[in-house]
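FYI, the numbering just counts along the sequence from 1. Just so you know, ligand 1 is whichever comes first in the structure, and atom 1 is the first atom listed for that ligand.
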Amino acid sequence: MSTNTVFFYDRLVNDHNTNEEILQDLMTYPKAIKPKYFYDKKGSQLFDKITQATEYYVTRTELSILKDNAESIAHAVGDHTLLVEYGSGSSEKIRVLLEAVQPKAYMPLDISKAHLLNSAQKLADDYPWLEIHAACLDYSRQLTLPNTEYNHKVGFFPGSSLGNFEPEEATLFLKRLKQQLGDDSGLIIGIDLVKPVEILNKAYNDSQGITAEFNKNVLLHLNRLINANFNPELFSHKAFFNKEKKRVEMHLISMVDQIISINNQKIRLAKNESIHTENSYKYTTADFISLAHSAGLACTQRWVDDNEWFAIFYVE
Ligand code: AVJ
C-alpha cells in the first residue's frame with residue numbers, strides 16, 4: 001500500500017509543429033531523426049537494457065562516481081533542496097543522491113510517460129518522506145518548471161545526455177537550465193569524456209545487438225507518431241566515433257532502394273543512404289569547462305573515475 005502520492009504534470013505537446021519538424025528532417029539531405037524520438041515505451045526499456053550491457057561503460061561508471069563521492073556531492077548541493085532531474089528515465093541514479101542529499105523534494109522530468117509514472121511511483125514507495133513532482137515533457141523545448149515552494153533548486157542532468165546537443169545548442173541549453181532553476185541554483189552534470197576509439201565504438205555496437213534494436217525502434221515509434229510505414233528490417237545499424245567532431249554518430253542505413261510513405265507524402269531512400277539518428281558528443285574536461293563558461297556558468301567541482309572515462313561536474 002502506498003501513502004506517498006506523486007504529483008503528476010502532463011506537459012508533453014505533440015502538435016502539428018512536432019510532426020512538421022520530423023518530416024522536415026527526413027526531407028532534407030542528409031536525412032535525420034532527432035534522438036529524443038528513441039524514447040517511446042519500448043525505447044526507454046531498450047535503453048535500460050543498454051545500460052546493463054558489458055560494453056556500455058557509461059551508466060556503470062557514472063553510478064560508481066556518484067556512489068564514491070556521494071558525501072562530497074551532497075556537500076556541494078547543500079540543504080533545503082529541490083532536485084530536478086532532466087531525463088529521469090528509470091530514476092535509478094537519483095537514489096544515490098536522495099540518500100546523500102536528503103532533499104525536500106524531487107522533480108523528475110521525462111518525455112516517456114509510462115516510464116516516468118512507473119519510476120516515480122516506485123520511488124515514492126521506497127522514499128515515503130520524499131515529495132515528488134513528476135512532469136512529462138520534452139526538456140529540449142522552452143519550459144517553465146511546475147511551481148513548488150522551494151527556491152534552492154539543483155538540476156541533475158546525468159548520463160552525458162548533453163552530448164546529444166550540438167555544442168552551440170548545448171551552450172544555449174545550459175543557459176536555459178540556469179534560468180529555469182533560478183538564482184540560488186546549481187547543476188550536477190554527467191559528461192562522457194574523450195577516450196580511445198575502440199572503447200567508444202564497442203559501447204555503441206554491443207555484441208547482443210541491443211543498441212542496434214534501440215536504434216531501429218525509433219522507426220516503429222515514428223510509424224505511430226507520423227503515420228509512416230518504415231520497415232526496420234530494411235535498415236542496418238551503424239555507429240562509430242567521429243574523431244574530428246569528437247562525437248559518436250549513430251545512423252540507420254537503408255539496405256535497399258525504397259519509398260517510405262508518411263501520411264500522403266512519399267520519401268525516397270537510396271540503397272546505402274543514411275538516416276542520422278544520434279550524435280553523442282564526448283568532451284575533455286577543458287572542453288566542458290569552456291562550454292559551461294560560454295553559458296555564463298562556472299565549474300566549481302569535478303568528480304571522476306580512476307580511468308577518467310567519465311566526469312561529474314558541479315556548475316553554478
Ligand atoms: C542517453 C544520450 C546519453 O549517447 O550514450 C546509448 C544514448 N545511444 N546508446 C548516449 C545512447 C546509444 C545515450 N544518452
Side-chain angles (χ1 to χ4, degrees), residues 32-63 65-66 85-94 108-112 115-116 119 138-140 155-167 169-170 173-174 188-195 197 199-219 221 232 235-242 245-253 274-283 287-288 291 305 309-313:
I33 298 172
K34 292 204 167 53
K36 64 186 178 190
Y37 297 111
F38 283 134
Y39 304 97
D40 64 349
K41 189 164 188 245
K42 177 82 184 165
S44 294
Q45 285 165 353
L46 284 168
F47 179 70
D48 284 345
K49 259 178 99 177
I50 290 176
T51 67
Q52 305 292 320
T54 327
E55 298 91 340
Y56 194 74
Y57 60 87
V58 179
T59 312
R60 209 177 312 117
T61 309
E62 185 176 36
L63 200 55
I65 301 170
L66 283 171
E85 182 171 7
Y86 291 83
S88 49
S90 60
S91 276
E92 281 301 331
K93 294 169 193 165
I94 199 70
L109 313 175
D110 206 273
I111 197 165
S112 190
H115 211 60
L116 175 69
S119 317
D138 171 1
Y139 66 64
S140 72
F156 180 45
F157 192 32
S160 201
S161 293
L162 188 72
N164 277 167
F165 294 109
E166 293 299 319
E169 289 173 353
F173 181 69
L174 288 181
I188 305 161
I189 180 156
I191 297 291
D192 197 20
L193 300 173
V194 172
K195 62 182 60 59
V197 57
I199 300 168
L200 288 166
N201 285 341
K202 272 198 188 145
Y204 293 80
N205 290 282
D206 67 276
S207 56
Q208 294 175 80
I210 309 165
T211 310
E213 195 186 343
F214 172 74
N215 196 6
K216 290 177 196 175
N217 179 67
V218 78
L219 298 175
H221 188 202
F235 291 84
S236 63
H237 164 76
K238 184 176 171 188
F240 61 93
F241 184 56
N242 179 333
K245 298 195 165 159
K246 291 191 196 165
R247 67 188 195 197
V248 172
E249 297 183 11
M250 287 216 309
H251 299 261
L252 287 165
I253 307 295
S274 136
I275 304 178
H276 191 171
T277 51
E278 184 171 49
N279 285 323
S280 193
Y281 278 88
K282 309 301 172 188
Y283 290 90
D287 290 340
F288 179 74
L291 179 82
D305 57 300
W309 279 1
F310 197 94
I312 296 174
F313 293 91

Do me a favour and list the nearest non-hydrogen protein atom to atom 13 (C) of ligand 1 with residue, atom name and distance? Y56 OH, 3.4 Å
Taking only heavy atoms of F47, which atoms of ligand 1 are found under 4.0 Å from at least one of them? 1 (C), 6 (C), 7 (C), 13 (C)
Would you call the rings of F47 and F214 parallel, tilted or perpendicular, where under 30° means parallel and over 60° means perpendicular? tilted
Within the 3.5 Å criterion, strictly below it, is a donor on S44 or H115 matched to an acceptor on the partner's side chain? no
What one should report as the nearest heavy-atom pair of S91 and S119 is CB-CB, 4.0 Å
Are any of the N/O atoms on K282, whether in the backbone or the side chain, positioned under 3.5 angstrom from an N/O atom of ligand 1? no
Any chance the rings of F157 and F173 have centres within less than 6.0 Å? yes
Proximity flag G163 to ligand 1, non-hydrogen atoms under 4.0 Å: no
State whether the shortest distance between N or O atoms of N164 and N or O atoms of ligand 1 falls below 3.5 angstrom. no
Decide whether E55 and Y204 meet the rule of one side-chain donor and one side-chain acceptor closer than 3.5 Å. no
Are any non-hydrogen side-chain atoms of N205 and H237 less than 4.5 angstrom apart? yes
Part of Y39 within contact of ligand 1 (heavy atoms, under 4.0 Å): side chain
Is the gap between the ring centers of Y39 and H221 under 6.0 Å? no
Under 3.5 Å: N/O of T211 near N/O of ligand 1: no
K202 atom NZ, neighbour heavy-atom count above 12 within 6.0 Å: no
Hey, which atoms in ligand 1 end up nearer than 4.0 Å to a heavy atom of F214? 8 (N)
Residue and atom name of the nearest protein heavy atom (relative to atom 3 (C) of ligand 1), distance in Å to one decimal: G159 O, 2.9 Å
Residue-ligand contact V58/ligand 1, heavy atom below 4.0 Å: no
Is the closest side-chain donor-acceptor distance between K238 and S236 under 3.5 Å? no
Among protein heavy atoms, which lies nearest atom 4 (O) of ligand 1, and at what distance? S280 OG, 2.6 Å
If we ignore hydrogens and angles and just use 3.5 Å, is the side chain of D192 paired with the main-chain N or O of K282 as donor and acceptor? no
Nearest-neighbour protein heavy atom for atom 14 (N) of ligand 1, which is reported as residue plus atom name and distance: S161 OG, 4.1 Å
Where ligand 1 meets Y204 - atom numbers and elements under 4.0 angstrom, heavy-atom basis: 4 (O), 5 (O), 6 (C), 8 (N), 9 (N), 10 (C), 12 (C)
Consider ligand 1: state whether an atom of it lies below 4.0 angstrom from any non-hydrogen atom of F38. no
shortest atom 8 (N) of ligand 1-to-protein heavy-atom contact is with E278 OE1, 2.6 Å
